[in-house]
Amino acid sequence: MHVLRAAGVGVVVAVPEHGLPEVVHWGRDIGPLDEAAARHLLRAVARPPSPSALDASWPLTLLPGEHDGWEGRPGLAGHVGRRALLPHWRRTTATTTDVDDEGSDERHLRVTAEADGLSVVIELTLDPSGVLKVEHELHNAGAEPVDLALFEATMPVGDLATEVLDFTGRWTRERAPQRRPLAQGSHARESRRGRTGHDSPLVLALGTEGFGDTHGELWAVHLAWSGDAVHRVDALPESSTVLGAGALLRPGEITVAPGESFRTPAAMFVWSDEGLDGVGRRFHRFVRNRPQHPRRPRPVTLNTWEAVYFDHDLGKLHQLARLAADIGVERFVLDDGWFLGRRDDTTSLGDWRVDPEVWPQGLHPLVDVVREQGMEFGLWLEPEMVNLESELVREHPEWLLQPIENDVRTWRNQFVLDVSRPEVFDHLLAAISALVSEYRLDYIKWDQNRDLIEAVSAGRANVHRHTEAVYRLLAALKARHPGLEIESCASGGARVDLGVLEHTDRVWASDTNDPVERLAIQRWTELLLPPELIGTHVGPPVAHTTRRATGLDFRTEVALFGHFGIEWDITTCTPAELEQLRAGIAAYRRLRPLLHTGDVHHPPTGDAGTSATVVVAPDGGQAVVGLARSASGLRALPPLLRVPGLPAERRYRVSVPFPSVLPHELPPLLAADGPVEMTGAALGSVGLRLPLLHPAHGVVVELTTLD
């Protein structure tokens, strides 16, 4: 018996002499087990044979299959030659180790089993945050190739799970939650988009009846992968319920030749008995524990897209840069339209050279002004994509991932390059590196604006190898240019996953900057990612995606809870608007050490038209509360908002960190002559009476310890 323990989570795994490991328990830590305790635990949870079924009890392994008695979706399937892949695993070995990585203390279990010229390695790593990473690797030591159809990570969940949550969405409406009762049978959410997708499940969670943000026991999985994917639930009458995820492998896509191996993307499993926020906090701690996680303050970023679109006038851009620096912007990003012949979205993708007609001196006249103002400089690129109207396609039509002779449908007038081809990889690495070197780029906004339909190479499905090659390209750029930061953007939020974030530094959550839409998008992106990795920008008064008009105070307050930026032609701002932006930026710069390290909570508001976000400092000494209204409510008296996560005995001063447009009738909390002071116990059990907000309005409150 092997026991992995961390952060209140326990994983108990039984490893037989022959066969695959079986998870006996995944959930609340039950402490260490000696040999006698392990033996009694196995007897306590042992399953009897089901009536009118197999004659003897059978194991539910980490790669469930028919040989064991499993009749749901298999963990491993395929063919060896013309024979079904049904290995009889034997000669099983296991090792448990502590992994010491820059102060972390992960527990790691590695199990190897062999069968008829094949061996499988199953690795379980429990992070100090309690996140369990599961990876499988298949080695082919036989004489025939193995064609894989399925190779997925699974974990059994508690028998009290009765509800399922995952996500769907579309462009500008990403990560919309959908919830349903757990039904019997094998159910799979398949994504065949060639990228994570606007409708990605993001996190698939099973929970106890009525679970919510702050309560309930949950078992969840996220696949750290940006290609085709499967998220699955198997609830069979004669078995514990199984939760899992893996790369979706198209027919003939993955063949493991003799002497070769194939490794799955990592599936990240999380258990929590503190509701969805507990799941989110475990993910956040895991992400922040990574050695490559950005540590320096996240710079206030201005992106030029909604300011100038394709109209690159140097005088206008100079004015924009100087004004941005004056109000506190720290990074200036030039978006689409700077490269050869690019006047709209129909041409030139792939020709990554500065257009001499628009920029006769290159980008230097703009870059120099940006740096003179003390800002970093970034550039938009879409390296994986090409337009047919481009020099690159005219010279190398064979580099396309999609065979245009098959009349493959266009998407935003563009096609995809096959990055898995060495010559394409080398070309992109050289072209992007030349830009990074010449302009000393601090930042790349790496976009990807279409799904991969009919993505084949030499007639063979190629999404998986293409995705791995994109990861290698990102890694190569980072290695060649230390300090370079890269944003993952894909038509907004269509590539938000921990696979691409192994090589990038933030995501663009959505192409909509409408703050009403952003409330839900950012909240559910926070289920996986901490705020510092989520791009959140102040857009113009009227959102270009929804045509909704909102006030600057509300747009600023919503953008505060992420990696703050501006996506607006601020040369059109009034002096009052510029002062409001300056105040908002100053508040963000002052509060970001807390916002980007603290624990995130979403307490109930008692009002269906409002939502709350609370970020509490790791030491409990400070907190920020954001309350926003998206729709009018039934009550004229605003409910008390309880603030979770504060040490009960400490005292806090309540203040408003920057001006907001609030109703004339302020609650006594904010209208009193002096600041209100309360204990953490009172804030958590009684709460604050915040203003009765109008729709599309909000308020931000800061709590500072007096101890």
Side-chain angles (χ1 to χ4, degrees), residues 171-172 174 198 299-321 323-324 327 329-339 342-349 352 354-355 358-359 363 366-367 370 375-383 385 387 412-414 435 439 441-450 485-495 504 506-515 517-518 521 534-548 555 558-559 562-573 581:
W171 180 69
T172 69
E174 295 90 340
H198 292 103
V300 178
T301 299
L302 183 141
N303 184 280
T304 65
W305 178 241
E306 291 189 40
V308 300
Y309 294 102
F310 292 106
D311 184 13
H312 285 197
D313 176 77
L314 183 58
K316 174 67 174 285
L317 290 167
H318 277 174
Q319 183 186 8
L320 195 62
L323 200 53
I327 61 173
V329 171
E330 298 162 302
R331 175 186 285 159
F332 187 95
V333 180
L334 183 65
D335 209 282
D336 197 355
W338 56 269
F339 50 98
R342 185 72 162 180
R343 302 293 180 272
D344 55 38
D345 66 3
T346 65
T347 70
S348 306
L349 284 177
W352 302 115
V354 176
D355 191 335
V358 179
W359 299 93
L363 300 178
L366 176 60
V367 175
V370 167
M375 294 185 292
E376 298 177 1
F377 184 76
L379 196 60
W380 178 94
L381 288 160
E382 194 171 1
M385 300 294 158
N387 295 120
R412 204 170 180 253
N413 305 296
Q414 61 194 53
L435 290 165
Y439 297 109
L441 298 181
D442 302 290
Y443 181 84
I444 290 174
K445 179 179 178 180
W446 186 295
D447 212 341
Q448 197 267 40
N449 274 307
R450 70 156 293 164
E485 292 194 5
I486 301 176
E487 175 184 57
S488 171
C489 177
S491 313
R495 191 147 68 183
T504 56
R506 79 169 203 170
V507 301
W508 185 228
S510 177
D511 274 345
T512 186
N513 287 310
D514 179 334
E517 297 293 319
R518 273 286 185 143
I521 292 169
I534 305 171
T536 55
H537 289 191
V538 176
V542 178
H544 81 142
T545 54
T546 63
R547 311 309 301 166
R548 193 197 323 260
R555 306 199 307 275
V558 173
H563 183 176
F564 188 95
I566 298 172
E567 200 102 4
W568 181 16
D569 183 0
I570 58 174
T571 67
T572 65
C573 289
L581 275 174

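Counting begins at 1 with the first residue of the sequence.
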Working to the nearest 0.5 Å, report the span between [atom1] of [X] and [atom2] of [Y].
{"X": "Asp569", "Y": "Gln319", "atom1": "CG", "atom2": "CD", "result": "8.0 Å"}
{"X": "Glu306", "Y": "Asp335", "atom1": "CD", "atom2": "CG", "result": "9.5 Å"}
{"X": "Leu334", "Y": "Leu317", "atom1": "CG", "atom2": "CG", "result": "6.0 Å"}
{"X": "Ser488", "Y": "Asp447", "atom1": "OG", "atom2": "CG", "result": "9.0 Å"}
{"X": "Asn413", "Y": "Thr346", "atom1": "CG", "atom2": "OG1", "result": "6.0 Å"}
{"X": "Leu366", "Y": "Phe332", "atom1": "CG", "atom2": "CZ", "result": "5.0 Å"}

Are any of the side-chain heavy atoms of [X] and [Y] separated by less than 4.5 Å?
{"X": "Phe377", "Y": "Leu441", "result": "yes"}
{"X": "Trp305", "Y": "His537", "result": "no"}
{"X": "Arg343", "Y": "Phe310", "result": "no"}

Is a side-chain N or O of [X] found less than 3.5 angstrom from the main chain of [Y], in a donor-acceptor match?
{"X": "Glu330", "Y": "Val300", "answer": "yes"}
{"X": "Tyr439", "Y": "Leu363", "answer": "yes"}
{"X": "His563", "Y": "Thr301", "answer": "no"}
{"X": "Asp355", "Y": "Trp338", "answer": "no"}
{"X": "Arg555", "Y": "Val538", "answer": "no"}
{"X": "His312", "Y": "Asp336", "answer": "yes"}
{"X": "Arg518", "Y": "Ser510", "answer": "yes"}
{"X": "Thr571", "Y": "Leu320", "answer": "no"}
{"X": "Asn387", "Y": "Ser348", "answer": "yes"}
{"X": "Arg331", "Y": "Leu302", "answer": "no"}

With Asp344 via salt bridge (Lys or Arg N to Asp or Glu O under 4.0 Å) - residues at least two apart: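 With sequence neighbours excluded, Asp344 shows a salt bridge (Lys or Arg N to Asp or Glu O under 4.0 Å) to no residue whatsoever.
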
By salt bridge (Lys or Arg N to Asp or Glu O under 4.0 Å) - contacts of Arg412 (at least two apart):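 With neighbours one apart ignored, the set is Asp345.
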
Nearest non-hydrogen partners of [X] and [Y], listed with the distance:
{"X": "Ala324", "Y": "Met375", "answer": "CB-SD, 4.3 Å"}
{"X": "Gly535", "Y": "Trp508", "answer": "O-CZ3, 3.5 Å"}
{"X": "Ser491", "Y": "Trp171", "answer": "O-CD1, 3.1 Å"}

From CA spacing to verdict: side chain to side chain contact (heavy atoms under 4.5 Å, CB included), Glu376, Glu485: CA-CA 11 Å; Glu376 298 177 1; Glu485 292 194 5; 5.9 Å; no

Intermediate values then yes/no, side chain to side chain contact (heavy atoms under 4.5 Å, CB included), Arg548 and Val542: CA-CA 5 Å; Arg548 193 197 323 260; Val542 178; over 6 Å; no

Gln414 versus Asn449, side-chain donor and acceptor atoms under 3.5 Å: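 No, Gln414 and Asn449 have no side-chain donor paired with an acceptor closer than 3.5 Å.
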
Pair Thr512, Thr545: side-chain N/O donor-acceptor within cut-off below 3.5 Å: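 Checked: Thr512/Thr545 side chains pair up, N/O donor to acceptor below 3.5 Å.
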
Face-on cation placement of Arg506 at Trp446 ring, 6.0 Å and 45° thresholds: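 The answer is no; the distance or angle limit is not met.
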
Criterion side chain to side chain contact (heavy atoms under 4.5 Å, CB included) on Arg342 and Val358, from CA distance to verdict: CA-CA 10 Å; Arg342 185 72 162 180; Val358 179; over 6 Å; no

Residue that, paired with Val329, satisfies side chain to side chain contact (heavy atoms under 4.5 Å, CB included) out of Ile570, Leu581, Ile566, Leu323: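 That would be Ile566.
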
Aromatic contact, Tyr443 with Trp380 (centres under 6.0 Å):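 Not under 6.0 Å, so no.
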
